[in-house]
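First, the structure itself, so that you have it in front of you.
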Amino acid sequence: MTSPTTFAETYADVNQFYARQMQLLDNGKFEDYVRTFTADGEFQHTPGQPAAVGHAGIVAELESFNTRFAGDPVQRRHSFGMIDVRACPDGSLETNFYALIVTTRPGVKEPKVGPSCTVRDVLVREDGELRNRSRKVDHDQLFRG
Amino acid sequence: MTSPTTFAETYADVNQFYARQMQLLDNGKFEDYVRTFTADGEFQHTPGQPAAVGHAGIVAELESFNTRFAGDPVQRRHSFGMIDVRACPDGSLETNFYALIVTTRPGVKEPKVGPSCTVRDVLVREDGELRNRSRKVDHDQLFRG
Amino acid sequence: MTSPTTFAETYADVNQFYARQMQLLDNGKFEDYVRTFTADGEFQHTPGQPAAVGHAGIVAELESFNTRFAGDPVQRRHSFGMIDVRACPDGSLETNFYALIVTTRPGVKEPKVGPSCTVRDVLVREDGELRNRSRKVDHDQLFRG
């Protein structure tokens, strides 16, 4: 992956990056997922909780979060859509998109759908590869109507 | 945004345009949403109803439609997928895609899913920016099986 | 469609190809859908069943599968997301993505959602057009938790 010069190249790279990143998360490969963040990356996925910071911090947060599925295995899928990408003067990218989480239980064809979320990322390139400097997730059910 | 010369550039521009456009709608910014249409744009989102025409007409239609949520606030999300883009000889774009609407109520993690729709747009460029000349929405539950 | 030289071009072409391909399937145009496969293409969409091979074989499998909807018409929609595209040295493309199937019954606004699937394709170009050499679908509800 070389540094893109067109919006089309950036947009394709971001979509590809998210596909690989979230397949890692949904396959439970937390150690690989966390390497899609910068070393000082910030990850805030639970409203009202402070962000987890750094690779060790994010892995610990993911392992803690996923204890709720211990003894009750599920296959989760995070699907991103309506991805808005803005290039910043410093070369970073700000993205803003929808995420819908779909959770399937063994033997049950109809998954549980939700929550519906919005996500704000700051992405940077390191050695030509995209990385999350930060990710902030907001949940739709917590909106102030 | 300059006039794209490759399909990749066009495809990325259309996806980005839809992301920003629908985030405006889902955030209730009707006045901003309507400016993503041409001045004489047509918007037909309710089967059997005539299209709303022009900026004032579309805003009026959206405000009328959304009175159903008055006193019962919800966060709606329109997600587009499977976007087919065809370039026409006159420089306009015809798009054809799926839309799934997801509606979340405050405090309720599992959203209501549906309706599932198909959408046909005609897009043009004005001052380099994409705009809807028309949008026509069909609802799956009204199909003739 | 000329042979793309950039990742952005490939990524846009793959997304466009999938949009048209699955709209054909969801519109019941099995004869057109099957022509998006190579003449010796393989299609395996039901876990534990052997792949259907070749155009006649795939059409027969689709017609057999869809007899379940005879007398009970539904509008199905296959939406792909999180598409990961890898270019292989031989010029083929390996893709890996999520698919969510949404099924609407006449007069019922809220569709049935599911199954949630993952799909692995091998795509090749014939006369400049993308084609499936193979497609393999896995269903989330059959995972080994």
Side-chain angles (χ1 to χ4, degrees), chain A residues 1-28 33 36 66 69-83 85 97-114 116 119 128-130, chain C residues 4-19 45-48 65 68 74 76-87 93-105 108 110-121 137-145:
Chain A
M1 188 184 290
T2 56
S3 183
T5 53
T6 66
F7 178 72
E9 201 70 34
T10 299
Y11 203 75
D13 285 353
V14 168
N15 275 267
Q16 169 86 342
F17 170 69
Y18 284 152
R20 293 186 178 179
Q21 179 186 51
M22 299 313 289
Q23 292 192 25
L24 292 174
L25 182 65
D26 291 335
N27 288 329
Y33 172 77
T36 66
N66 280 272
F69 303 120
D72 180 20
V74 294
Q75 178 62 64
R76 302 174 85 216
R77 300 286 174 203
H78 293 73
S79 283
F80 294 172
M82 311 311 276
I83 300 174
V85 178
F97 54 90
Y98 295 170
L100 188 65
I101 298 166
V102 169
T103 304
T104 299
R105 295 201 128 70
V108 182
K109 203 170 177 180
E110 193 154 351
K112 185 170 155 296
V113 178
S116 169
V119 186
E129 299 287 334
L130 289 171
Chain C
T5 53
T6 67
F7 178 71
E9 201 70 33
T10 299
Y11 202 77
D13 285 353
V14 169
N15 275 267
Q16 170 86 341
F17 171 69
Y18 284 152
H45 72 132
T46 303
F65 180 83
R68 70 187 63 189
V74 294
R76 302 174 85 216
R77 300 286 175 204
H78 293 73
S79 283
F80 294 172
M82 310 313 275
I83 300 175
D84 176 22
V85 178
R86 292 169 195 268
L93 302 172
E94 292 182 358
T95 67
N96 190 11
F97 53 90
Y98 295 170
L100 188 66
I101 299 167
V102 169
T103 304
T104 299
R105 295 202 128 70
V108 181
E110 193 156 350
K112 185 170 154 296
V113 177
S116 168
C117 301
T118 54
V119 186
R120 282 172 290 163
D121 280 356
V137 183
D138 285 303
H139 288 233
D140 281 350
Q141 77 272 14
L142 301 177
F143 82 103
R144 292 178 292 278

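Residue numbering restarts at 1 for every chain, and letters A, B, ... go by the order of the sequence lines. Just the heavy atoms: all of them, side chains too, but no hydrogens, waters or symmetry mates, feed the values below. Computed from a prediction, not measured in an experiment: that's the story for all the values here.
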Over all atoms of both residues, closest heavy-atom pair of C/T6 and A/E9: CB-OE1, 3.7 Å

Top contributor to chain A interface from C/G81, C/G114, C/P115 [non-hydrogen pairs under 4.5 Å]: C/P115

Closest heavy-atom pair and its distance - C/V113, A/E110: O-CG, 3.0 Å

Greatest number of heavy atom pairs closer than 4.5 Å to chain C - which of A/R105, A/Q75, A/K109: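 Answer, by heavy-atom pair count under 4.5 Å with chain C: A/K109.
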
Minimal non-hydrogen separation, C/M82 against A/H78, with atom names: CG-O, 3.7 Å

Exam field: side chain A/Q16 to backbone C/V85, donor-acceptor pair closer than 3.5 Å: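 Yes, because the side chain of A/Q16 sits within donor-acceptor range (under 3.5 Å) of the backbone of C/V85.
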
A/N15 CG to C/Y11 OH distance, which is reported to the nearest 0.5 Å: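 So the gap between those two atoms works out to 4.5 Å.
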
Best-contacting candidate, C/T118, C/D84, C/L100, against chain A by heavy atom pairs under 4.5 angstrom: C/D84

Distance-only donor-acceptor check, side chains C/N96 and A/Q23, under 3.5 Å: yes

Contacting region of A/R77 [heavy-atom separation from chain C under 4.5 Å]: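 The answer is both parts of A/R77.
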
Student check: side-chain heavy atoms of A/D26 and C/Y98 closer than 4.5 Å: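 Of all side-chain heavy-atom pairs linking C/Y98 with A/D26, at least one is under 4.5 Å.
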
Nearest heavy-atom neighbours spanning A/A12 and C/F7: O-CE2, 3.8 Å

Closest heavy-atom pair and its distance - C/S116, A/V102: CB-CG1, 4.1 Å

Nearest atoms (heavy-atom pairs only) where C/A8 meets A/A8: CB-O, 3.6 Å

